[in-house]
Amino acid sequence: MPAIKTHPWTILTVRFEDCQRSREVGFVSSDPSFSVKPDGTVYTQQEVANLSEPVQFMVTARGVRDPRIWETTVKLALAGHPHPLPLTKVGIEEMLSRVWDSQPRVIKFPRRHQRGSSANGLRRQKRDWVIPPINVPENSRGPFPHMLVRIRSDQDKDVGIRYSITGAGADQPPSGIYNIDPISGNMFVTQPLDREERASFHLRAHAVDMNGNQVENPIDLYIYVIDMNDNRPEFHNQVYNGSVAEGSKPGSSVMQVTATDSDDSTTANGMVRYRILSQTPHTPIPNMFTINSETGDIVTVAAGLDREKVSQYTIIVQATDMEGNLNFGLSNTATALISITDINDNPPELTVRTFSGEVPENKVNVVVTNLTVVDRDQPHSPNWNAVYRIVSGDPSGHFAIRTNPITNEGMLTVVKPVDFEMNRAFMLTVVVSNQAHLASGIQSSVQSTAGVTISVQDVNEPPVFPVNPKMIRFEEGVPAGTTLTVFAAQDPDHFIHQIVRYSKLSDPANWLKINRTNGQITTMALLDRESMYVRNNVYEATFLAFDNGKSGSPQASGTGTLQIYLIDVNDNAPVLQPREAQVCERARPNSRINITASDADTDPNVGPFVFELPSFPASVRRNWTISRLSGDYAQLRLRIPYLEPSVYEIPVIVSDSGNPPLSNRSLIRVKVCPCDDNGDCSATGAVAAAGLGTGAIIAILICIIILLSMVLLFVVWMKRREKERQAKPLLIDPEDDVRDNILKYDEEGGGEEDQDYDLSQLQQPESLDHIINKPTGVRRVDERPVIAESQYPVRPSLPHPGDIGDFIHDGLRAADNDPTAPPYDSLLVFDYEGSGSTAGSVSSLNSTSSGDQDYDYLNDWGPRFKKLADLYGGGDDD
């Protein structure tokens, strides 16, 4: 073969005929660098210019109707290169074929060539021929083990040889796939092979003698698993989704489907081809799409895609291996869903050419009418959403059209009030379009334009003040009864004669009144610019104008605001601040009083002010002097070096700059006091200046001393009384004093000796009738008399220790005189604890004490245990 720089390059043609003379034969090459076409042509898959040694590979043939496999060996070398061994010429016209299960070939170990001397010197070693690979088809049905080749050594005639194989598939995982008869050298495959799991095996054959000595060098055995078409193409997705715009031209790309085959992709077994089996629906033609057989790209082949007619196509795509050969290849199918996307190829069309509606005057945000439209494009998309415009008939902008996002209708709405007296009707022209522009070549429809007739309804409108608010100017202080202005309103309803009346709505100071008929404004009181109701020299009042209403309509009213700008007159005298101050008794540079003058009037009836001291009394000007610092400020200070500490009232006369000016005589209360080094009044001086003499101070001190003495005497008296109480003799011996442990408990009857009674009496009876109905005077001793109970003395929460004895005796006397108190040995009645108690009787609880125990020690425990000592110790009863 020549040196090949490009590919594919045809090398030779293999022809094969099976016994039935069938020409339908499939060929497979064991070398991925070479392929065989269905017509038997052998060609290269890649460049082979670097081929330095002969190439040998297997070509497998299989008939369509014959499950058997035939093989032949192809040997190739570059043309023009010397070869150490003559290449066996491949019969182009014939093919040396054999059935896989026919007589296996024999592989011999290569002969060893010894180096030696000759007449010409060293002898060159002869290179052995490359052992061809062993090709085993996958998925063979056996029987197994199946013999592949026979390994033989030329020395087996001289010595006993033992053969073995090593490598993955023999003694290494996956082990046991291949084995060899150690005596005959027959090599077997033990199970079916799967090329998709493992495509080749590399084994080494060994030959040793009976002693285990190596007889031949190991030879390499390459076993290739011949791919069979045993895997169908598999689509990556069972359902593919694609889209294409409606109106697309032929050749527009839609989508791509992809299928893979697990078989050898370098052979026809793994070469997948695509085709379209069906299209649903068949509108407008059955074959709107085609598919690239090799890439799986689906494109359009015809025009006429219209989403409004067909929104989705269903395509069944078939993928077949063996390069799409339906006779030999395996197939699989998938579904392609092609959505037709919308373009704006349908302009919106109004349902009618003329719309009508009516609206009351002076109303806003009222929907006059709804403009209905039809658009066949995809709903709720920019191609469907309608946009309405008013192109004529509304120069003042009274109306606007808003789009209903759900229904796509145009809501014609009043955004600016209309006046029946100005316009009784409107004739509008509206145009509708889409948010998106129409597609290229699509013209707007005539039905995209319509007219709208709007009738305005007349309503009773309120009177309107021509100037609102109305501003007038007057000087303050005008007397009551002065006519200020006429604040009249007009009725907009020109076509109906109505009478307008007036009333006052708001007059904070109650200064004004309005004539009910003609709207004349008159004062009722003096207008004062300095009033709290005046803001920025302006006084505001609100008035109401209302008509008498027309037939079927209520009265309508309107409001108007009158603003009175009050011009200031000099009617307020200035005042001085502060009204009180203090100054040192001796004249100092910083001992002075700053005075500020203020005036409620405005310029020019305010400052600059004139400050002066009156000539009477004469002591004022003799002791004090005043000087103006600026227009509103003056300074008062001592004229003499020393003034006796006291409180002085200094009259100061201040005048404004009005015409005529107003004056005011103000008294400033000045406290003259001794000062410290810093010029501040001392505490004693402040008291003296406040008017307290020495006698008053002494009286205050005497009162304080008397109060302290009384407090001291009270404390001494309390201490003495406490000592007297502690000295009072106690009722008991001090050693037995347990006063801190005395606790008051409820009375619960006698001791343990009182146990001979019926415990059922402890339960409250179901009825008291048998007790209430008893004859008078017949009582049990253990029943409480039905009379008022005596009042026992209440022990204070914290009694004095000396009073404990008195408390006990009082309690004893009350108990002795209490007719309701039970006898000592009587049964007490306690609160009701429920009927049918599950608790057992406690009558069986007896004292476990015995007469042998000595209780004389109770006599040593004091008077509290005397009763127990008498009972148990044998003492005498009281």
Side-chain angles (χ1 to χ4, degrees), residues 233-260 271-320 323-324 326 331-351 373-387 403 405 407-408 431-449:
E234 295 292 339
F235 284 95
H236 293 174
N237 300 308
Q238 193 59 36
V239 178
Y240 289 84
N241 292 282
S243 62
V244 63
E246 62 175 332
S248 297
K249 298 180 179 179
S252 300
S253 178
V254 179
M255 60 191 302
Q256 183 184 32
V257 297
T258 305
T260 55
M271 294 181 181
V272 180
R273 298 295 182 264
Y274 305 92
R275 71 189 188 107
I276 295 177
L277 294 182
S278 65
Q279 167 193 307
T280 306
H282 295 171
T283 304
I285 60 174
N287 299 315
M288 289 293 295
F289 306 93
T290 186
I291 188 170
N292 187 304
S293 61
E294 295 185 0
T295 63
D297 291 322
I298 299 177
V299 297
T300 60
V301 293
L305 293 175
D306 190 350
R307 190 202 66 85
E308 287 70 40
K309 295 181 179 179
V310 179
S311 60
Q312 188 180 69
Y313 288 90
T314 302
I315 305 296
I316 305 300
V317 180
Q318 183 185 55
T320 306
E323 297 182 297
L326 299 178
S331 301
N332 211 337
T333 60
T335 302
L337 301 178
I338 303 175
S339 299
I340 310 302
T341 59
D342 184 46
I343 64 172
N344 195 10
D345 57 344
N346 294 282
E349 297 179 351
L350 294 165
T351 56
V373 70
V374 175
D375 195 320
R376 292 181 295 171
D377 290 320
Q378 185 174 358
H380 306 290
S381 68
N383 300 329
W384 179 81
N385 295 335
V387 178
T403 303
T407 63
N408 212 26
V431 175
V432 63
S433 59
N434 291 124
Q435 287 183 349
H437 295 291
L438 289 174
S440 178
I442 305 299
Q443 299 297 327
S444 178
S445 174
V446 178
Q447 296 182 353
S448 298
T449 303

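A quick note: this is a predicted structure, and the numbers were derived from the prediction, not measured.
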TODO: Please list all pairs passing the side-chain hydrogen bond (donor to acceptor under 3.5 Å, both in side chains) test where one or both residues lie in residues 275-293, with sequence neighbours left out.
DONE: Arg275-Gln318, Asn292-Thr295
Task: Ile442 side chain near Pro347 side chain, heavy-atom distance below 4.5 Å - done: yes
- [ ] Evaluate the side-chain proximity of Ile298 to Val317: yes if any heavy-atom separation is below 4.5 Å, no if none is.
- [x] yes
Task: Residues forming a salt bridge (Lys or Arg N to Asp or Glu O under 4.0 Å) with Glu323, sequence neighbours excluded - done: Arg273
Open item on the list: Whether the side chain of Thr320 engages the backbone of Ser331 through a donor-acceptor N/O pair (distance < 3.5 Å, no angle test) should be reported.
Closed with: no
- [ ] Any pair with a residue in residues 333-344 that passes salt bridge (Lys or Arg N to Asp or Glu O under 4.0 Å), sequence neighbours left out, goes on the list, sorted by first then second residue, please.
- [x] Arg307-Asp342
Open item on the list: Quick check: closest heavy atoms across Leu305 and Met288, and the distance to 0.1 Å?
Closed with: CD2-CE, 3.5 Å
TODO: Find the distance between CD1 (Ile291) and CG (Asp297) and round it off to the nearest 0.5 Å.
DONE: 8.0 Å
- [ ] Identify the heavy atoms of Val387 and Thr403 that sit nearest to each other, and give their distance.
- [x] CA-OG1, 4.4 Å
Task: Check: Asp345 and Asp377 side chains under 4.5 Å, non-hydrogen atoms - done: yes
- [ ] Provide the closest heavy-atom pair for Val244 versus Ser253 in the form atom of the first, atom of the second, distance.
- [x] CG2-O, 4.4 Å
- [ ] Scan side-chain atoms only and decide if Asn434 and Asn383 contain a donor-acceptor pair under the 3.5 Å cut-off.
- [x] no
Open item on the list: Is the ring pair Tyr274/Phe235 parallel, tilted or perpendicular, if the boundaries are 30 and 60 degrees?
Closed with: tilted
Task: Short side-chain to backbone donor-acceptor contact, Tyr240 and Thr258, under 3.5 Å - done: yes
Task: Pair Asn344-His437, side chain to side chain contact (heavy atoms under 4.5 Å, CB included): steps then yes or no - done: CA-CA 7 Å; Asn344 195 10; His437 295 291; 5.7 Å; no
Open item on the list: Could you go through Thr314 and Leu337, starting from their C-alpha distance and side-chain angles, then the distance that decides it, and tell me whether this counts as side chain to side chain contact (heavy atoms under 4.5 Å, CB included)?
Closed with: CA-CA 5 Å; Thr314 302; Leu337 301 178; 3.6 Å; yes
Open item on the list: Between Val301 and Ile285, does the side chain to side chain contact (heavy atoms under 4.5 Å, CB included) criterion hold? Intermediate values first, please.
Closed with: CA-CA 10 Å; Val301 293; Ile285 60 174; 5.5 Å; no
- [ ] Please report the closest heavy-atom contact between Ser243 and Thr341, naming both atoms and the distance.
- [x] CB-CG2, 3.8 Å
- [ ] With side chain to side chain contact (heavy atoms under 4.5 Å, CB included) as the test, would you mind laying out the steps for Thr260 and Val272 before giving the verdict?
- [x] CA-CA 7 Å; Thr260 55; Val272 180; over 6 Å; no
